[in-house]
Amino acid sequence: MASVIPVIFILVIVLGLMACGFLFVPKGPNQTTIRTAIMLTFASCYLMWMVTYMAQLHPLISKS
């Protein structure tokens, strides 16, 4: 159960950063594009980190 705590903690941080990225993008013709790029970047980085972290905790092939 201890392996879930860092995943949730980092998720909360990433969601906070995504909210900041959504709220603090300056208005303009490319506002939606910039927001989408920021949020997709954070989501992709989080998913890559989470998959790598979980793969290290629970490997598919274990050494016996």
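Values below: all heavy atoms of this structure, side chains included; hydrogens, waters and symmetry mates excluded.
- Taking OG1 of Thr36 as the start and CZ of Phe22 as the end, the distance is 9.0 Å to the nearest 0.5 Å.
- For the atom pair Leu11 CG and Tyr46 OH, the distance stands at 4.0 Å (nearest 0.5 Å).
- Val7 and Phe9 fall within a single hydrophobic cluster, where Ile, Leu, Val, Met, Phe, Trp and Tyr are joined by side-chain heavy atoms under 4.5 Å apart, directly or via other members.
- Interatomic distance, CD1 of Ile8 versus CG of Leu15, reported as 11.5 Å (0.5 Å rounding).
- No continuous path of hydrophobic side-chain contacts links Leu40 to Met48 [ILVMFWY only; heavy atoms under 4.5 Å].
- With a 4.5 Å cut-off on side-chain heavy atoms, Arg35 and Ile38 do not count as touching.
- Tracing side-chain contacts under 4.5 Å through hydrophobic residues (I, L, V, M, F, W, Y), one reaches Ile13 starting from Trp49; they form part of the same cluster.
- The line from CG of Leu47 to OG1 of Thr52 is 10.5 Å long, rounded to the nearest 0.5 Å.
- To the nearest 0.5 Å, atom CE of residue Met18 and atom CG of residue Leu23 are 12.0 Å apart.
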